[in-house]
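Have a look at the structure below before the remarks.
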Amino acid sequence: MSEPSSASNFIREIVTADHAAGKHGGRVVTRFPPEPNGYLHIGHAKSICLNFGLANDIPGGICHLRFDDTNPTTEDPEYVQAIQDDVRWLGFDWHEKMFFASDYFERLFEFAVHLIGKGLAYVDTLTAEEMRTYRGTLTEPGKNSPSRARSVDENLDLFRRMKAGEFADGTHTLRAKIDMAAPNINLRDPVLYRIRHATHYRTGSAWCLYPAYDYAHPLSDALEGITHSICTLEFEDHRPLYDWVVKQADAPHRPQQIEFARLNLTYTVMSKRKLLELVSKKLVHGWDDPRLPTIKGLRRRGYTPEAIRAFCDHIGIAKREATVEMQLLEHFIREDLNKRAPRVMAVLRPLKVILDNYPDGQSEELGAINNPEDPAAGSRQVPFSRVLYIEQDDFREDPPKQFFRLAPGREVRLRYAYIIKCVGVTKDPQTGEITELHCTYDPLTMSGVAQEQRKVKATIHWVSAAHAVKAEVRLYHPLLATDLAKMSPDQDWTTALNPSSLERITDCLVEPSLRQAAPGSRYQFERLGYFCTDQDSTIEAPVFNRTVSLKDAWAKIEKAQPSK
RNA sequence: UGGGGGAUCGUCUAGCGGUAGGACGCCGGCCUUUGGAGCCGGCUACCUAGGUUCGAUUCCUAGUCCCCCAGCCA
């Protein structure tokens, strides 16, 4: 990737200054370290853009992809694959520098032996329950575990036996010997290793002893020669422990941890726990459900990596907790797709229009511009005939103020075609529902012909009944109907879900050029929005996802109108 | 009544002692064969109170409010 440098931020300043000062031997090595226990989301994209972006922009910089797989009970190779796919799809490259914390288990064990030898770690026999009691509280100091006085030899012996599988889960831990009275709770003899007789997706049953994050992470960083270890704010008070581990283990290298605020977005959820809950309870259709802020979801919905990167660059990096408006994300996908999505005509909610004065059985091919923003996109032919469908929203029997579209006796232009006039409305005698419109067309108003005196206030899209292709369109609405921040924590957060976040319309009609739309291809349905061909789409049954609507000035006017 | 962080337009963000800027959003207008796009203009922001200084969003002090931490999760 060779895009213009991102806007600066405090982390970029630190890294740039360190690089200029020749710190770390002039190297810059960052890392993106997900635990493979879920799919990546837009919040991870922020971190990916930061870490890889930094490495890309600084000469000689490199960003590692490291799987922080130290907990065998939550991790799965499915996630390892998905994470690699997503990072690549976002446009980043780890240049072969892909690592697994689980590959360091042996070396991590040796560091622990070293720590024990220095008298800085001990095997504790307290139960989890007891350990909690001994830890003290936020305001009261903890007290030393009886195990703290064990000799180095005894610790070494016990630790090796822990590794050998002699003890059951939960019976022993390895703890750092720091300070049980430390005001920072993370320093009150944190657990370094715990026993887990579980199968790890990579190391199988080779280990029953697993290093904790606070121990494995700093040492993994050190082993890889990471210079700047960037993480989110909640790890701020782990930094003293991070530094302690690297220093006391006599690691070959001292990385610097820097924290920034994670991304929050309005109307959606970003925690792995909640996303997993949505997927496992089938509240959505999977990790790639287009309603989700996962990378896979956004991708299926039609988002481009370029738009996501532009968004990430734009929101900036800071330490203040912030919630970005979804509209900003939408702005970036509109901006990107406006420049490159080919325009087509599609009618979501069809209303039949019969052109009384257009010869029955006749049809013609009309030239249509593929993208007014991109002359190189060329043009195509769209068939026109006597019976058409227009959007139900484009006709009002009793038009409100400022409604410029079709109404009895009124004229509109059909995009790329003629000006038509509504001369009759047919209704279902039973329901009173409008079933079809009778219109006349003016053959002298063919699109492209100068029409000095014929100005109409609206141009609407249409499809030819005889040529249109039936399609399903899926519209997505916000995942959440209620702001989670306004809910009490004891309430079930899923009650905040928007029950109508997915709207499927199965009898849409699209222009024939869309018949063979390939899954993943993106279009602008004129006047409606940007749509992406879904992976479920087939030639027999095309399916389109609405990525985002176009900005809708009329919707605003209508909403602002007094009533009705 | 511990520790660690953070407070700038509605939202995100810039500012590094010298006229508080940008983006989104919103409101007008122009333009338009997409009520899209584009163009032009506008939109009650420095948490509070003191102090230092010719001058403070910036430095200092004291408050206020918000977030994180008591997993053998990461």
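Note on naming: letters A, B, ... go to the chains in the order of the sequence lines (proteins, then strands), and numbering restarts at 1 for each one. Keep in mind that the numbers below use all heavy atoms, side chains included, and drop hydrogens, waters and symmetry copies. The structure presented is a predicted model; accordingly, all values stated were derived computationally and were not measured.
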How would RNA chain B look in dot-bracket form, 5' to 3', counting Watson-Crick and G-U wobble pairs with both distances under 3.5 Å and writing | for bases paired to another strand?
-> .((((((..((((....[..))))((((((.......))))))...(((((..]....))))))))))).....
Report yes or no: do [X] and [Y] form a side-chain donor-acceptor pair below 3.5 Å?
{"X": "Asp124(A)", "Y": "Ser145(A)", "value": "yes"}
{"X": "Glu373(A)", "Y": "Asn371(A)", "value": "no"}
{"X": "Glu511(A)", "Y": "Ser513(A)", "value": "yes"}
{"X": "Arg522(A)", "Y": "Thr547(A)", "value": "no"}

Cation over ring face, Arg202(A) and Phe100(A), 6.0 Å, 45° = yes
Charged tip of Arg396(A) within 45° of Phe403(A) ring normal and under 6.0 Å |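 So Arg396(A) does make the cation-pi contact.
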Could you state the atom-to-atom distance from [atom1] of [X] to [atom2] of [N] in whole Å?
{"X": "Met326(A)", "N": "U11(B)", "atom1": "CE", "atom2": "P", "result": "17 Å"}
{"X": "Asn9(A)", "N": "G6(B)", "atom1": "CG", "atom2": "P", "result": "15 Å"}
{"X": "Tyr418(A)", "N": "U33(B)", "atom1": "OH", "atom2": "P", "result": "19 Å"}
{"X": "Trp554(A)", "N": "G36(B)", "atom1": "CH2", "atom2": "P", "result": "13 Å"}
{"X": "Phe404(A)", "N": "G35(B)", "atom1": "CZ", "atom2": "P", "result": "10 Å"}
{"X": "Ile258(A)", "N": "G5(B)", "atom1": "CD1", "atom2": "P", "result": "14 Å"}

5' precedence on RNA chain B between Ala212(A) and Ile315(A) (nearest-nucleotide basis) |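 So the residue in question is Ile315(A).
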Starting at the 5' end of RNA chain B and moving along, which residue's nearest nucleotide shows up first, Arg194(A) or Ala322(A)?
->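 Its nearest nucleotide being more 5', the pick is Ala322(A).
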Crowded around Arg262(A) CZ? As in, over 12 foreign heavy atoms under 6.0 Å?
->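 Open: at most 12 neighbouring heavy atoms sit under 6.0 Å from CZ of Arg262(A).
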Does Tyr267(A) OH have over 12 foreign heavy atoms under 6.0 Å away?
->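 Open: at most 12 neighbouring heavy atoms sit under 6.0 Å from OH of Tyr267(A).
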Check [Y] with [X], please: is the shortest side-chain N to carboxylate O separation under 4.0 Å?
{"X": "Asp57(A)", "Y": "Arg12(A)", "answer": "yes"}
{"X": "Lys319(A)", "Y": "Glu236(A)", "answer": "yes"}
{"X": "Glu411(A)", "Y": "Lys457(A)", "answer": "no"}
{"X": "Glu277(A)", "Y": "Arg273(A)", "answer": "yes"}

Could you please name the option among [options] that lies closest to any side-chain atom of [X]?
{"X": "Ala128(A)", "options": "C72(B), U34(B), C67(B)", "result": "C72(B)"}
{"X": "Gln402(A)", "options": "G35(B), U34(B), C72(B)", "result": "G35(B)"}
{"X": "Ala318(A)", "options": "G36(B), G6(B), U13(B)", "result": "U13(B)"}
{"X": "Phe403(A)", "options": "G35(B), U33(B), C12(B)", "result": "G35(B)"}
{"X": "Arg135(A)", "options": "C24(B), U33(B), G71(B)", "result": "G71(B)"}
{"X": "Glu325(A)", "options": "G10(B), C72(B), A23(B)", "result": "G10(B)"}

Kindly say if Thr70(A) contacts the phosphate of A74(B), meaning a side-chain N or O under 4.0 Å from OP1 or OP2.
-> yes
Between the side-chain atoms of [X] and the base atoms of [N], is any donor-acceptor pair under 3.5 Å?
{"X": "Gln524(A)", "N": "U34(B)", "result": "yes"}
{"X": "Arg132(A)", "N": "G71(B)", "result": "no"}
{"X": "Arg527(A)", "N": "U34(B)", "result": "no"}

Report which part of the nucleic acid [X] touches: base, sugar-phosphate, or nothing (heavy-atom distance under 4.0 Å, all strands).
{"X": "Tyr193(A)", "result": "nothing"}
{"X": "Arg239(A)", "result": "nothing"}
{"X": "Ile317(A)", "result": "sugar-phosphate"}
{"X": "His217(A)", "result": "nothing"}
{"X": "Thr73(A)", "result": "nothing"}
{"X": "Leu550(A)", "result": "base"}
{"X": "Thr323(A)", "result": "sugar-phosphate"}
{"X": "Leu192(A)", "result": "nothing"}
{"X": "Arg175(A)", "result": "nothing"}
{"X": "Lys556(A)", "result": "sugar-phosphate"}
{"X": "Phe235(A)", "result": "base"}
{"X": "Pro372(A)", "result": "base"}
{"X": "Gln327(A)", "result": "sugar-phosphate"}

Heteroatom pairs (N/O) under 3.5 angstrom, protein to nucleotides 38-45 of chain B:
none

Only one of Arg410(A), Arg415(A), Arg349(A), Arg405(A) forms a salt bridge (Lys or Arg N to Asp or Glu O under 4.0 Å) with Asp394(A), so which one is it?
->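 So the option named by the test is Arg405(A).
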Of Trp207(A), Phe159(A), Phe167(A), which is the lone residue that meets ring-ring contact (aromatic ring centres under 6.0 Å, His included) with Tyr193(A)?
->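 Checked Trp207(A), Phe159(A), Phe167(A) against Tyr193(A); only one passes ring-ring contact (aromatic ring centres under 6.0 Å, His included): Phe159(A).
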Hey, what are the protein-to-nucleotides 1-3 of chain B N/O distances that come in under 3.5 Å?
from: G2(B); atom 1: N9; to: Leu138(A); atom 2: O; distance (Å): 3.1
from: G2(B); atom 1: N3; to: Leu138(A); atom 2: O; distance (Å): 3.1
from: G3(B); atom 1: N2; to: Asp237(A); atom 2: OD2; distance (Å): 2.8

C1' gap between A62(B) and U52(B), integer Å |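 Each nucleotide's C1' atom is 15 Å from the other's.
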